[in-house]
*Asks:* 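Here it is, the structure, as structure tokens.
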There are 2 protein chains.
Amino acid sequence: MSSATKALTLLSHFSADCPEIGLSHMCRVAGRDKATTYRHLQALEATGFVEQNPLTKQYRLGPAVLHLAHLREVTVPRKDAALAAASTLAEATGETAHVSVLSGTTVYALCDCLSPRHGTRAVIDITTFPLHATASGLCAMAFGHDALMETALENLTGFTSATPQSKSDLQTLIASIRATGFACADQSYESEIQGIAAPLFDQTGRYAGAVAVACVASRFTRALEQTITSELIIAARAITRSWGGTIPTPIEAAWATLDTNPQELDTTS
Amino acid sequence: MSSATKALTLLSHFSADCPEIGLSHMCRVAGRDKATTYRHLQALEATGFVEQNPLTKQYRLGPAVLHLAHLREVTVPRKDAALAAASTLAEATGETAHVSVLSGTTVYALCDCLSPRHGTRAVIDITTFPLHATASGLCAMAFGHDALMETALENLTGFTSATPQSKSDLQTLIASIRATGFACADQSYESEIQGIAAPLFDQTGRYAGAVAVACVASRFTRALEQTITSELIIAARAITRSWGGTIPTPIEAAWATLDTNPQELDTTS
DNA sequence: ATGGCTTGGTTCATATATTGAACCTATGGT
DNA sequence: ACCATAGGTTCAATATATGAACCAAGCCAT
């Protein structure tokens with residue numbers, strides 16, 4: 001590990017719970033020598049990445065990151081990362097991939113990508129996703145803020161016979177989504193379309209959107225489902241990372257149990 | 001210069017004009033060896049501070065900065081830095097210091113700090129500053145967006161006999177502010193109050209607000225003016241830096257010519 | 001095609017910059 | 001007065017960074 005990497009790594013120990021860290025404390029959490037840590041903090045301070053609270057002598061993030069973040073936002077729009085991941089996802093699954101973002105209580109379509117593999121394809125022709133009837137909407141309800149449930153209940157339009165129609169229906173679905181880390185919408189918005197979505201998070205740590213696959217229901221098999229879920233995990237991690245966020249540990253844990261299933265099948269074969 | 005510092009310094013070469021930089025280009029602008037630069041970029045990439053555009057192989061700012069910037073915003077509110085600088089400014093000048101922020105076309109008071117040195121003090125008892133009559137407002141017009149002039153012309157309230165009353169009055173004042181890097185309001189809002197303001201900038205590079213001194217006019221002398229301007233420069237640099245911005249070069253240049261005046265006096269004495 | 005130009009990326013001996021135990025000083029609590 | 005902990009400093013030992021030279025790939029005009 002290079003010296004520069006070690007210095008940069010110190011920054012990852014700052015968090016919302018622990019926004020100011022003293023030298024000794026930093027030594028402990030970083031597991032490094034005091035002199036080394038001190039010099040690294042000096043280097044970070046010289047470049048504006050940290051600064052010392054003049055009162056407490058504790059270190060905290062510096063102003064340099066503000067400017068860099070602004071530049072990042074300008075140079076790499078969110079849509080680009082989403083589109084790149086959606087493209088890979090569509091390629092790998094042979095189905096339509098799309099990404100949605102949550103703004104207030106509305107789930108907007110950010111981008112989508114159709115796979116040329118099959119003649120029939122799911123087409124995303126809406127700009128806002130109903131909360132209660134789509135995988136992306138349900139994902140937002142499961143991992144977004146609480147106000148979404150109220151909004152959803154105000155508009156329980158029945159699109160198909162499978163569209164959830166009650167609060168208890170939604171609560172059951174949401175519990176399942178939170179347990180598995182995936183939202184599924186089995187022909188609840190359009191018949192013949194099966195949706196599976198995974199959540200995305202931004203730099204604030206909050207739910208930011210979903211990456212989803214809309215699959216022609218007649219093609220949906222157990223094998224395709226496995227491909228979709230494992231590819232969704234990859235896409236969700238990539239987009240979340242690009243947006244400056246991280247997947248919450250409980251969700252990673254839920255995904256990890258899914259990942260091991262194929263391995264179990266391998267050992268029994 | 002430590003290795004970590006050298007690596008961090010590479011990040012400063014990214015800008016809005018040049019958001020993606022290739023290895024060779026980075027070597028040239030950083031003036032360092034290719035192997036060294038490459039390894040530094042590798043360290044930055046490993047920590048998420050830069051990433052490679054997969055198409056062009058060029059490096060650009062990475063997602064890590066987004067998260068850090070959010071954390072910085074949460075841990076260090078703008079007001080704190082402003083208040084610290086205002087306090088120093090009030091202490092050094094013996095007059096009332098205050099900081100304003102521009103939001104839309106309105107100039108809001110962010111904080112102020114009175115000096116206990118004199119019995120009479122200027123008191124900032126307004127929450128929004130008139131654009132045409134105060135140093136902070138004129139500063140916004142000189143360095144902020146163009147729409148401010150229209151807004152100012154819609155409300156040319158005459159507070160004192162010295163309040164500017166025409167577009168040409170304002171244009172003359174603004175030209176002077178742009179040339180000197182300071183905005184002055186000589187009893188144009190309240191009689192007996194002389195205001196001097198310096199501009200502040202944020203991480204977007206745009207005008208963000210002003211730091212100002214409100215001085216009791218009867219105490220205003222050439223010597224005090226020199227103290228105020230030199231202290232204002234220090235305060236403006238500190239706040240701007242803390243907000244993630246930089247003072248534009250033309251303004252620094254204007255300030256530099258002022259800085260040399262006292263030196264000229266010294267050499268002749 | 002060919003040769004020259006540039007690009008991103010890699011190697012390895014050299015020596016420079018990093019390391020960490022021990023030390024210093026100040027402060028707050030008992 | 002004492003101990004514990006804090007931030008900060010020193011210096012010999014050595015691990016780590018360095019850069020000239022090198023490689024492979026892409027581009028472009030001949």
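All of these numbers come straight from a predicted model, not from anything done at the bench. Residue numbers start from 1 in every chain, and the chains themselves are labelled A, B, ... in the order their sequence lines are given, proteins ahead of strands.
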*Asks:* Kindly determine whether B/Y207 and B/F201 satisfy side-chain contact (heavy atoms from CB on, under 4.5 Å), including the steps that lead there.
*Replies:* CA-CA 5 Å; B/Y207 178 84; B/F201 298 84; 4.2 Å; yes
*Asks:* Would you check, one step at a time, whether the test salt bridge (charged side-chain N to carboxylate O under 4.0 Å, His left out) holds for B/R72 with A/E51?
*Replies:* CA-CA 11 Å; B/R72 161 83 189 185; A/E51 66 182 12; 2.8 Å; yes
*Asks:* For a quick test of reading the model, state the closest non-hydrogen atom pair linking B/S115 to B/A90 and the distance between them.
*Replies:* CB-O, 3.4 Å
*Asks:* Apply side-chain contact (heavy atoms from CB on, under 4.5 Å) to B/W243 and B/L200, showing your working.
*Replies:* CA-CA 9 Å; B/W243 290 1; B/L200 305 171; 4.0 Å; yes
*Asks:* Heavy-atom distance under 4.5 Å between the side chains of A/R60 and A/V50, does that happen here?
*Replies:*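 They are not in contact (no side-chain heavy atoms under 4.5 Å apart), so the answer is no.
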*Asks:* Going by the side chain to side chain contact (heavy atoms under 4.5 Å, CB included) test, name the single residue among B/L89, B/I196, B/I234 that passes it with B/V211.
*Replies:* B/L89
*Asks:* Counting only non-hydrogen atoms, which of residues 35-52 of chain B are less than 4.0 Å from DNA chain D?
*Replies:*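 Heavy-atom contacts with DNA chain D come from B/A35, B/T36, B/R39, B/H40.
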*Asks:* Say whether A/S242 and A/R237, considering side chains only, have a donor N or O and an acceptor N or O under 3.5 Å apart.
*Replies:*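 No, because no side-chain N or O of A/S242 sits under 3.5 Å from a partner of the opposite role on A/R237.
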*Asks:* Rounded to whole Å, how long is the line connecting atom CG of A/N53 with atom C1' of D/dA6?
*Replies:* 15 Å
*Asks:* Expected output is a numbered-order residue list: members of residues 21-33 of chain B with a heavy atom under 4.0 Å from any atom of DNA chain D. What is it?
*Replies:*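 Hits under 4.0 Å, by residue number: B/D33.
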*Asks:* Is it the case that B/S12 and B/T9 place a side-chain donor and acceptor less than 3.5 Å from each other?
*Replies:*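 Note: B/S12 and B/T9 side chains miss the donor-acceptor criterion.
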*Asks:* Looking only at non-hydrogen atoms, find the nearest pair between A/V99 and A/A86 and report the distance.
*Replies:* CG2-CB, 4.4 Å
*Asks:* Apply side-chain contact (heavy atoms from CB on, under 4.5 Å) to the pair A/L23 and A/K34, showing each step before the final yes or no.
*Replies:* CA-CA 7 Å; A/L23 175 58; A/K34 187 159 58 167; 3.9 Å; yes
*Asks:* With heavy-atom distances below 4.5 Å as the criterion, would you say the side chains of A/D202 and A/R78 are in contact?
*Replies:* yes
*Asks:* Once you round to the nearest 0.5 Å, how far does CG of B/L61 lie from CD1 of B/I21?
*Replies:*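 Output value for this atom pair is 8.5 Å.
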*Asks:* Would B/Q58 and B/N53 count as having a side-chain donor-acceptor pair, cut-off 3.5 Å?
*Replies:* no
*Asks:* Name all residues meeting the side-chain hydrogen bond (donor to acceptor under 3.5 Å, both in side chains) criterion together with A/T246; count only those two or more places apart in sequence or in a different chain, and write none if there are none.
*Replies:* none
*Asks:* How do A/T56 and A/S2 order along DNA chain D: which one's closest nucleotide is nearer the 5' end?
*Replies:* A/T56
*Asks:* Identify the 5'-most and 3'-most nucleotides of DNA chain C with at least one atom closer than 4.0 Å to a non-hydrogen atom of chain A.
*Replies:* C/dT19 to C/dA21
*Asks:* What does the list of N/O pairs under 3.5 Å between the protein and nucleotides 25-29 of chain D look like, with a distance for each?
*Replies:*
none

*Asks:* Could you walk me through whether A/L10 and A/R32 satisfy the side-chain contact (heavy atoms from CB on, under 4.5 Å) test, starting with their C-alpha distance in whole Å, then the side-chain angles of each, then the deciding distance to 0.1 Å, before giving a yes or no?
*Replies:* CA-CA 10 Å; A/L10 293 182; A/R32 255 189 288 282; 4.3 Å; yes
*Asks:* Ignoring hydrogens and angles, answer whether the base of D/dG8 and the side-chain atoms of A/K34 contain a donor-acceptor pair closer than 3.5 Å.
*Replies:* yes
*Asks:* Please round to 10 degrees the angle between the axis of the first five pairs and the axis of the last five pairs in the helix from C/dA1-D/dT30 to C/dT30-D/dA1.
*Replies:*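 The angle separating the two end axes equals 40°.
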